[in-house]
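As structure tokens, the structure follows; a few thoughts come after it.
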Amino acid sequence: AAPLQGRPVPGEEPLSILQVKLPADFIEVREGVTYFAVNVYPESGSAWRVLRRYSHFLDLKKKLRPNRTPPGTSFPGKTIFACKGAGLERRRNALQLWLRRIIEQPEATDLRGPWIPRLREFLESGRTYLRSPSSGQPPPIASAPAPLAQSAPVAPLSAAPPQQREEPGFEGVVEARLLDVEIPQGAVPGEL
């Protein structure tokens, strides 16, 4: 990780992310919408997972710096139709490389700049902890998915109504929102 620059914003902590992965075996489709699992491995503590749509990555790109792409990477373009098969795998790989390069940029460690709150929201909102070594190191590659542990507390989402899409070909389509649900400590499956 790059050294911290400038004076910290009060209450703001560095991200301290060791690695991010978008595992190929954790792409989920819900009601025709594709979600990529983003596994986040911090420098210390337990790893976690968040689910993000392509549009979430695109929003992050726009918030960080729309006209700058980290060296050695490109942000995958939008497609007219649903991305599937080899195209989906290319998109997943490109998003993974882009996100890895983003967290390597000096702006990702500059506590005076605007990147940290935006990256924190993207990487932490709705997180679910993975059962992995407490060192924060990525778990060994296994053929079976890592079991999910309890969810961390997250800030509640806005109760704004879903937005109608204005793009040609999407008339009448309502943009849905993914809800975060807080699991109380000590809760076990089937108890809620």
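Model, not experiment: these values are computed from the prediction.
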Exercise for the section: Begin with the C-alpha distance, continue with both residues' side-chain angles, and end with the deciding distance and a verdict on side chain to side chain contact (heavy atoms under 4.5 Å, CB included) for Lys78 and Leu58. Expected result: CA-CA 9 Å; Lys78 289 183 96 170; Leu58 185 58; 4.0 Å; yes
Practice task
Any chance you could lay out the side chain to side chain contact (heavy atoms under 4.5 Å, CB included) test for Leu123 and Leu99, step after step, and finish with the verdict?
Solution key: CA-CA 10 Å; Leu123 294 171; Leu99 186 56; 4.1 Å; yes
Exercise for the section: Would you sort out whether Trp98 and Lys61 count as a side chain to side chain contact (heavy atoms under 4.5 Å, CB included), showing the intermediate values? Expected result: CA-CA 9 Å; Trp98 178 84; Lys61 178 185 183 288; 3.7 Å; yes
Exercise for the section: Show your reasoning for whether side chain to side chain contact (heavy atoms under 4.5 Å, CB included) applies to Leu130 and Thr128. Expected result: CA-CA 7 Å; Leu130 301 173; Thr128 302; over 6 Å; no
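Arg49 forms no cation-pi arrangement with Tyr129, by the criterion of a distance under 6.0 Å to the ring centre and an angle within 45° of the ring axis.
Asn39 is listed as a side-chain neighbour of Pro23, based on a closest heavy-atom distance under 4.5 Å. The side-chain heavy atoms of Leu51 and Glu28, taken from C-beta on, include a pair separated by under 4.5 Å.
In this structure, the side chain of Arg52 engages the main chain of Phe122 through a donor-acceptor pair within 3.5 Å. Remark: side-chain polar atoms of Arg118 are paired, donor with acceptor, to backbone N or O of Lys63 under 3.5 angstrom. With Arg100 contributing its side chain and Val20 its backbone, the two residues share a donor-acceptor pair below 3.5 Å. The main-chain N or O of Leu22 is found under 3.5 Å from a side-chain atom of Gln96 such that the two form a donor-acceptor pair.
Taking CG of Leu95 as the reference point, atom CG of Leu88 lies at 9.5 Å (rounded to 0.5 Å). For the atom pair Arg53 CZ and Arg30 CZ, the distance stands at 11.0 Å (nearest 0.5 Å). To the nearest 0.5 angstrom, Leu64 atom CG is 9.0 Å from Glu107 atom CD. The structure places OG of Ser16 at 10.5 Å from CD1 of Ile103, a figure rounded to the nearest 0.5 Å. The distance from atom NZ of Lys62 to atom OG of Ser55, rounded to the nearest 0.5 Å, is 9.5 Å.
Under the salt bridge (Lys or Arg N to Asp or Glu O under 4.0 Å) criterion, Arg92 pairs with Glu89, not counting sequence neighbours. The side chain to side chain contact (heavy atoms under 4.5 Å, CB included) test applied to Leu97 returns Thr73, Arg101, not counting sequence neighbours. Partners of Glu31 according to the salt bridge (Lys or Arg N to Asp or Glu O under 4.0 Å) rule, which considers only residues two or more places apart in sequence or in another chain, do not exist here. For Arg90, the side chain to side chain contact (heavy atoms under 4.5 Å, CB included) partners two or more places apart in sequence, or in a different chain, are Ala86. By the side chain to side chain contact (heavy atoms under 4.5 Å, CB included) test, Ala108 pairs with Trp115, Leu119, sequence neighbours left out. Listed by chain and number, the residues in a side chain to side chain contact (heavy atoms under 4.5 Å, CB included) with Val29 are Thr34 (sequence neighbours excluded).
Residue Ser46 comes nearest to Pro42 through the heavy atom pair O-CG, 3.5 Å, listed as atom of the first residue, atom of the second, then distance.
In this structure, Tyr54 and Phe75 have tilted ring planes: the angle between them lies in the 30° to 60° band.
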